[in-house]
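Computation of the quantities below employed the complete heavy-atom set of this structure, encompassing side-chain atoms and omitting hydrogens, waters and symmetry-equivalent molecules.
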Amino acid sequence: SGVVWNAELVPLQVYDETDQISSQAYVSSVRPALEYILQQKIPVANLSLDTGSDNFSIKTAINALVKSGVLVVVAAGNFKNNNDVMSAFPANYEGVITVAASAPDDQFAEHFSSYGKRNVALAAPGVQILSTVPKGSCTYCDYSGYRRLDGTSMAAPMVAGAFALAKALAPNLSADVLKTLLLETVDPASDLAKYTATGGRLNLHKFLTRVKEAGED
């Protein structure tokens, strides 16, 4: 149970099972996953991944998703980079919503989160997020099946979840309208102003309130 408490999830594996979370996803795995999203008409896609370089086939696949109305949410990256200066992919592709991480006090998670006034749309909670993990003794495992993790890979699904709720609340609203409403309803935070385009953090209540109003018009 997370931001969306009653949703169908479609997990698509693009990392080799031996890879660490900090490694790069394989282009040969990412492209088929993106094509599957399009084929199955999945309305919201969360991409907590980094391909390491600009790739024409992935860019083309993401453009197809955006053009078809899929809400594509991407993690900004955990490299402390300015994505406006050091390009990140797929975080810097057009049409996606790229998310940085904020801390519980609405401070920017400067110890890991990448950022960008032009290429990173907003921040969302990404510090000490309770998450499911494999049971066992691997680097990111825990015998309980749960761990608190930091990362923009924790923040991006918060926004993807917000979009999923919005689609359930007002299914007739277009992706462009939902993206606009999302960015207009962030909570401004002084520490986020220099790191993201909106200068704010996701506010789920304000967003869904505006979505409901727009859906009733």
Side-chain angles (χ1 to χ4, degrees), residues 1-15 21 33-34 36-38 40-49 65 68-76 78 96-106 109 113 121-135 140-187 189 192 196 198 200-217:
S1 180
V3 174
V4 188
W5 51 91
N6 185 18
E8 184 177 8
L9 301 180
V10 185
L12 302 172
Q13 183 175 328
V14 298
Y15 285 85
I21 288 177
L34 297 173
Y36 184 84
I37 293 168
L38 186 62
Q40 299 298 314
K41 298 181 180 180
I42 298 169
V44 182
N46 180 80
L47 307 183
S48 289
L49 56 89
L65 291 178
S68 72
V70 177
L71 291 153
V72 182
V73 183
V74 184
N78 301 330
V96 306
I97 295 292
T98 300
V99 186
S102 62
D105 55 2
D106 276 345
S113 182
L122 75 164
V127 175
Q128 290 295 288
I129 305 301
L130 186 64
S131 307
T132 54
V133 295
K135 293 183 178 181
Y140 291 95
C141 292
D142 190 277
Y143 287 102
S144 71
Y146 295 89
R147 277 189 65 179
R148 292 190 179 276
L149 298 172
D150 296 350
T152 57
S153 290
M154 307 294 111
M158 299 283 186
V159 175
F163 277 142
L165 286 175
K167 292 292 288 185
L169 189 63
N172 294 327
L173 292 182
S174 70
D176 286 340
V177 168
L178 291 176
K179 286 190 281 189
T180 297
L181 294 177
L182 176 86
L183 301 181
E184 288 179 349
T185 54
V186 299
D187 275 347
L192 300 175
T196 65
T198 61
R201 182 254 308 138
L202 169 71
N203 184 312
L204 184 59
H205 181 263
K206 286 166 62 176
F207 173 50
L208 294 180
T209 298
R210 288 284 302 280
V211 167
K212 184 177 180 181
E213 293 171 351
E216 294 172 347
D217 290 342

From [X] [atom1] over to [Y] [atom2], what is the distance, rounded to the nearest 0.5 angstrom?
| X | Y | atom1 | atom2 | result |
| --- | --- | --- | --- | --- |
| M158 | T152 | CE | OG1 | 12.5 Å |
| K179 | L173 | NZ | CG | 13.5 Å |
| E184 | K206 | CD | NZ | 11.0 Å |
| R210 | N203 | CZ | CG | 11.5 Å |
| L208 | K212 | CG | NZ | 10.5 Å |
| L12 | N46 | CG | CG | 11.0 Å |

Indicate yes or no: at least one non-hydrogen side-chain atom of [X] is less than 4.5 angstrom from one of [Y].
| X | Y | value |
| --- | --- | --- |
| F163 | V70 | no |
| L34 | L47 | yes |
| V133 | L149 | yes |
| L122 | V99 | yes |
| L178 | V211 | yes |

Can you see which heavy atom on [X] is nearest to which on [Y], and at what distance?
| X | Y | result |
| --- | --- | --- |
| S102 | R201 | OG-CG, 3.6 Å |
| V127 | A109 | CG2-CB, 3.9 Å |
| A123 | A101 | CB-C, 4.4 Å |
| G161 | V3 | C-CG1, 3.6 Å |
| L181 | A214 | CD1-CB, 4.0 Å |
| A124 | V159 | CB-CG2, 4.1 Å |

Review point. Any luck finding a side-chain donor-acceptor pair between S144 and D142 under 3.5 Å?
Key: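 Checked: S144/D142 side chains pair up, N/O donor to acceptor below 3.5 Å.
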
Review point. Where the side chain of D150 meets the backbone of Q128, is there a donor-acceptor pair that is under 3.5 Å apart?
Key: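 Such a contact is found between D150 side chain and Q128 backbone.
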
Point to revise | N/O donor-acceptor pair under 3.5 Å between T198 side chain and A121 backbone | key: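 At least one qualifying donor-acceptor pair exists.
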
Practice item. Would you check, one step at a time, whether the test side chain to side chain contact (heavy atoms under 4.5 Å, CB included) holds for Y146 with T132? Key: CA-CA 5 Å; Y146 295 89; T132 54; 3.7 Å; yes

Residues that [X] engages under side-chain contact (heavy atoms from CB on, under 4.5 Å), provided they are two or more places apart:
| X | answer |
| --- | --- |
| L9 | none |
| D217 | none |
| A162 | L202, L204, F207 |

Review point. Between V44 and K167, does a side chain to side chain contact (heavy atoms under 4.5 Å, CB included) hold up when you go through it step by step?
Key: CA-CA 9 Å; V44 182; K167 292 292 288 185; 4.3 Å; yes

Exercise for review: Using side-chain contact (heavy atoms from CB on, under 4.5 Å) as the criterion, point out the one residue from V96, L38, I42 that pairs with L65.
Suggested key: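 That would be L38.
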
Practice item. Report, as yes or no, whether the 6.0 Å neighbourhood of atom CG on D105 holds more than 12 heavy atoms from other residues, nucleotides or ligands. Key: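 More than 12 within 6.0 Å, yes.
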
